[in-house]
Amino acid sequence: MAFKQVSSPHAHGAQNTAKVMQLVVWATIPGLIALTWHFGWGSLINVILACITAVASEALILKMRNRPLGFYLGDYSAVVTAVLLGLALPPLCPWWIVVVGTLFSVVLAKQLFGGLGYNPFNPAMVGYVVLLISFPVEMTTWVAPLALLPEGVAHPGFLESLKLVFFSGTPMDGVTGATPLDSFKHAAGLTVAQIYQGDSLFSQALFAGVGWEWVNLGFLAGGIVLLASRVFTWHGPVAMLLALALMSLIFWDSGSSQSPGSPLMHLFSGASMMGAFFILTDPVSSAVSNRGRLIYGALIGILTYIIRAWGNYPDAVAFAVLLANFTAPFIDNYTLPRTYGHTDRRKATERIDD
Amino acid sequence: MRQTWVTPGGVHPPENKIQSLTQPIGSLPIPEKLVVPLGQHIGAPAIACVKHGDTVLKGQKIADPAGTVSAAIHAPTSGTVTAIESRPIAHSSGMEALCIEITSDGKDQWIEKSGISDFEHTSASALLSIITEAGIAGMGGAGFPTSVKLNPGFQRPIDTLIINATECEPYITADDSLIRERAEEIVEGIGILSHILGNPHNILIGIEDNKPEAIAALEPHTQDTGINVVSFPTKYPSGGEKQLIYILTGKELPSGSIPADIGMVCVNIGTTHAIKRAVVDGEPLISRVTTMTGEACEINRNYDVLIGTPVAHMLEHNKFDAQRCSRVIMGGPMMGFSLTSQQIPIVKTTNCILAPSVEEIPHNEPAQPCIRCGMCAEACPASLLPQQLLWYSQAKDHDRLESHNLFDCIECGACSYVCPSNIPLVQHYRSSKSDIKKAQEEKIKSDQARERFEFRQQRIELAEKEREAKRAARREAAKQAKAATGTDSMADIVAAAQARTAAKKASPEQELAKLERAVSSAEMRVQKAQDKLDTATADAETEDKINILSAALSGAQQKLEKARTRLAEHSK
């Protein structure tokens, strides 16, 4: 009898890509709940709409590329991209924003580069930045958090929200409002203390900004779950958050009218936690070694702060991540770990003369 | 408690060692035919010293080592040599190699054994030659000839002897059961090793903490011997030589060097047992303890198996169910290789035959794209970046592979084990390693060819120059000679040329005779052609033939004509 010949190792661990991707999706749930609680049904609708668009467009491209549908759709990577983009988009934004963004993410940023594993840039962030540059009005109109709505006004219900998303240009004026980062951007001449007193977004907050602090805590919780499940190592997220905190501490300027805000405000506003645990941890487009991921994370933290403080956009995680994506292969060249039996770390660019 | 160090990476696959440890080491009936490969070790295959039809006794040498890095082979039982030919052997590629087949006579009759009872009073070189003669090669997996390893030379004094009892691969319990049952012999073997190596300062037995019975079995024999039994947390691959050295000593083996370079010798514990048997009992290495395990076999246990026993014999004896089996593996589930045939024999390095069911080790799933998640890098015991190696391996970027230290990969398989995309990483690395080695060999070859060519060009140029120099010298000499005589006028030259032409001309008588001979021979040829044509016409030959012959006749007649004309001209 002849046996089948297979290469070692024969044993295999229980982990697989689909499970990892599913876990990432589950880990976004605390953040999604916080978003829905404070900003209404919009985010959930974004996520669902993005998922449908992503799966459909990925299937279409796979078919055009003559790839087996079930095998590639079953890795859940399109769903992860869609969920992350859906969470990043403003709640109650028009449906076509979601669809256009998702198409850019899945078709342009991912499939055209060769599909999963071959995209040099984070697909969700490519979609987000395309939208932000093309449709600035829709992309910067945020719903006001629940706690700050006027007496007797509530977020639209689920069906009402669907109606808004599909049939109306913009959400009702009564429910829109600024984000904490917007407030700092547009509060020229006021000291931090004055902003905190004058803006109910801060005066009614626990420590960072009404609603936003909970959203960031939600993503932090999800991120810790992923960290504990060893989906990624601590290097990237910790480096980014530390760099962001350090930058805001250095330029805190004791809360003067020049101050871009406190470290706590920066850590728990905008996309800080989501970016740290869900965006820059995308392994495909990040640096690979642990040391590389420290540098990569820190770079994103620094860039995020620079753009937030002195740039034109209130938030900057997406830009920072894309810029860092460019640098990842370069970082990889100079951050090889020291291999057993070697005294020095080598450089990837070393030429071998033999 | 001695300090131990922790290696980076590593994985914890299910151990599955209990199944084969429920019974003591057993023995199998002697198979009818044993197939003993000549190359069971690293180095040159042994050279057969028996012929087809010879009768041999158990333990009789049947093949001599070929050179220093080689090992002798012995008959595992008594019987007749019935074939010396190529057979499938234990190799990951499923290749064939020269084997000696011995048909057992069922008597299992030993040669006369001659052991040494007091090895302390025997010289190291004498003990080394016993080990060489006994054909001992590392029994942990690589099969490096032990006598070579134990002879590092004066310039490399050994201060640490490490006995590898880690057995970190799942399923395998051959060393564990050997220690449990034969600890005394093992310690005696270690004593012999220590004596050969000049009593190194540290003698360490490295063993994982999942073998408490084995540790307990060693304890009474190692007390007051200076031998340290060092246990450390179970983790795959702690049993790799480089990993074990680090775990026990905190030192790293520099890339590309051997343990002796840093004053260490690392020997598998099964090998120490074989050394004791060889030196004290005079028994060469003809059997070893091998684990037979996996759900596709009803019986799971360890056996003292004769080298050369076909795997089929073991499987059959343990009620193997081919229907349930996903693959038959020689070695463990992490580094073992799947067998292509049941006729492959057990060799000196075979520590396990694993016949897992499909549920235990499912068929491989198709590989998904690498997402560079980095789980492989977290698992790598050598701190490599397996995801980058894969990338460059697929791109065949040899420079990058080397700068990423591909050749420090020990092929332990931890990366593939954890890979969520089911990528057969190790297979890619093996393939790239052999590609690079091949490219290097070809480069050496082409360098040599280029050197040869350049040398040849140089030689030709040199010879040409020498000739040119000689010609120049001759010209110079002729000029000088002429200058000396000084009679170089035009008239002289013409006169000399005329004289040469006149000398060349033959005398008229000779010329006449020559022409006459030509005429007579032409006449003879015409006559012959005429005769041939006549006979052909008489025999009524075919028209073609007659045509050819008449053409030949007219040709001969023309030549005769010419000869006569020339004679007439001359006579004028």
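Proteins get letters first, then strands, A, B, ... in listed order; numbering begins at 1 in each.
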Check your understanding: To the nearest 0.5 Å, how far apart are NE2 in B:His404 and NZ in A:Lys347?
Key -> 13.0 Å

Point to revise | Nearest-0.5 Å distance that lies between atom OH in A:Tyr118 and atom CD1 in B:Ile371 | key: 12.0 Å

Practice item. Could you tell me whether the side chains of A:Asn333 and B:Arg400 share a donor-acceptor contact shorter than 3.5 Å? Key: yes

**Study point:** Salt bridge B:Glu402-A:Arg346, side-chain N to carboxylate O under 4.0 Å
**Key:** no

Review point. How long is the span from the CE atom in B:Met335 to the NE2 atom in A:His10, to the nearest 0.5 Å?
Key: 10.5 Å

Review point. What's the shortest heavy-atom distance between B:Val418 and A:Gln15, and which atoms?
Key: O-CB, 4.3 Å

Check your understanding: For B:Pro13, is it the side chain, the backbone, both, or neither that has a heavy atom closer than 4.5 Å to a heavy atom of chain A?
Key -> neither

Review point. Is it true that the side chains of B:Ser383 and A:Arg345 contain a donor and an acceptor less than 3.5 Å apart?
Key: no

Study note, to complete from the structure: In this structure, CZ of A:Phe232 is separated from CD of B:Glu378 (nearest 0.5 Å) by 12.5 Å

Check your understanding: Can B:Gln368 and A:Tyr72 be said to form a side-chain contact (heavy atoms from CB on, under 4.5 Å), step by step?
Key -> CA-CA 8 Å; B:Gln368 288 172 289; A:Tyr72 284 102; over 6 Å; no

Exercise for review: For the residue pair B:Ser421 and A:Thr17, confirm or rule out a side-chain donor-acceptor distance under 3.5 Å.
Suggested key: yes

Exercise for review: Side-chain contact test, heavy atoms from C-beta onward, threshold under 4.5 Å: evaluate it for B:Asn422 versus A:His12 and give yes or no.
Suggested key: yes

Check your understanding: Between CG of B:Leu385 and CG of A:Asn290, what distance do you get to the nearest 0.5 Å?
Key -> 8.5 Å

**Study point:** Distance-only side-chain donor-acceptor flag, A:Ser7 / B:Arg430, under 3.5 Å
**Key:** yes

